[in-house]
Amino acid sequence: MPMIYIAFFVIFIDTGFGIWRSVKKGGWKAFRSRRLSHTLSKAFLYLGAILMVFLIEKYIAGDLIGHFISVDLVMTKMIAFFCVATEIKSINESYEDVTGKNMIKAVREFVTRAKEEAKDLTE
């Protein structure tokens with residue numbers, strides 16, 4: 001199931017950013033295996049939640065939900081989106097901690113400027 005792969009991939013990236021932040025802030029002495037064990041438990045929690053909601057939606061509630069919403073596996077996709085959004089926020093916090101730059105804010109500003117430029121081009 002691709003949603004599990006995407007969630008696992010983002011957790012892996014967040015782990016890399018967390019290690020980078022830890023080493024930049026406190027050197028290699030600040031890097032602890034206990035923090036990595038939190039990552040493992042978080043991965044199992046996220047992946048377990050996605051799998052559990054998938055199984056419920058696929059075999060129990062799918063027909064009922066299908067009467068109201070035409071999107072397949074909508075609950076599973078919402079849970080996966082929540083997990084990915086949480087990890088992206090964590091990645092942004094680690095990046096901002098080290099560099100002082102907020103990636104999410106920069107992307108928002110870029111999109112706003114791109115919209116303004118596109119609007120100016122169409123006028």
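Heads up: numbering here begins at 1 and tracks the sequence.
- Between V84 and A7, the shortest heavy-atom contact is CG2-CA, 4.3 Å.
- Among residues at least two apart or in separate chains, there is no salt bridge (Lys or Arg N to Asp or Glu O under 4.0 Å) pair with a member in residues 70-82.
- Among residues two or more places apart in sequence or in another chain, the side chain to side chain contact (heavy atoms under 4.5 Å, CB included) test is passed with I79 by A49, I50, V53, C83.
- No single ILVMFWY cluster, assembled from side-chain heavy atoms under 4.5 Å apart, contains both V10 and L51.
- In the hydrophobic clustering of this structure, F81 does not group with I11; members are Ile, Leu, Val, Met, Phe, Trp, Tyr whose side-chain heavy atoms approach within less than 4.5 Å, directly or through other members.
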For residues 106-114, which side-chain N or O atoms pair as donor and acceptor with protein atoms under 3.5 Å away, sequence neighbours left out?
from	atom 1	to	atom 2	distance (Å)
T112	OG1	R108	O	2.9
R113	NE	E109	O	3.3

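- Tracing side-chain contacts under 4.5 Å through hydrophobic residues (I, L, V, M, F, W, Y), one reaches I88 starting from W20; they form part of the same cluster.
- Note that CD1 of I19 and OG1 of T15 are 6.5 Å apart. Values are rounded to the nearest 0.5 Å.
- Listed by chain and number, the hydrophobic cluster partners of F44 are L40, where partners are ILVMFWY side chains within reach of under 4.5 Å, directly or through others.
- Judged as a side chain to side chain donor-acceptor pair (under 3.5 Å), the pairs with a partner in residues 36-59 (not counting sequence neighbours) are, in order, D14-K42, K42-E87, Y46-E87, E57-T76.
- Other members of a hydrophobic cluster containing Y5 are absent, since no ILVMFWY side chain comes under 4.5 Å of it, directly or through relayed contacts.
- F54 pairs by the ring pair (Phe, Tyr, Trp, His ring centres under 6.0 Å) definition with nothing, not counting sequence neighbours.
- The hydrophobic cluster containing M3 does not contain F82, counting ILVMFWY residues as joined when their side-chain heavy atoms lie under 4.5 angstrom apart, directly or transitively.
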Mind listing the side-chain donor-acceptor pairs of residues 96-105 below 3.5 Å, one per line with the distance, residues two or more places apart or on another chain?
from	atom 1	to	atom 2	distance (Å)
T99	OG1	Y95	O	2.8
T99	OG1	K101	N	3.2
N102	OD1	N92	ND2	3.0
N102	OD1	I104	N	3.0
N102	OD1	K105	N	3.1

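- Each of I6 and M75 belongs to its own hydrophobic cluster when Ile, Leu, Val, Met, Phe, Trp and Tyr are linked at side-chain heavy-atom distances under 4.5 angstrom.
- S90 places no side-chain N or O within donor-acceptor distance of the main-chain N or O of T86, the cut-off being under 3.5 Å.
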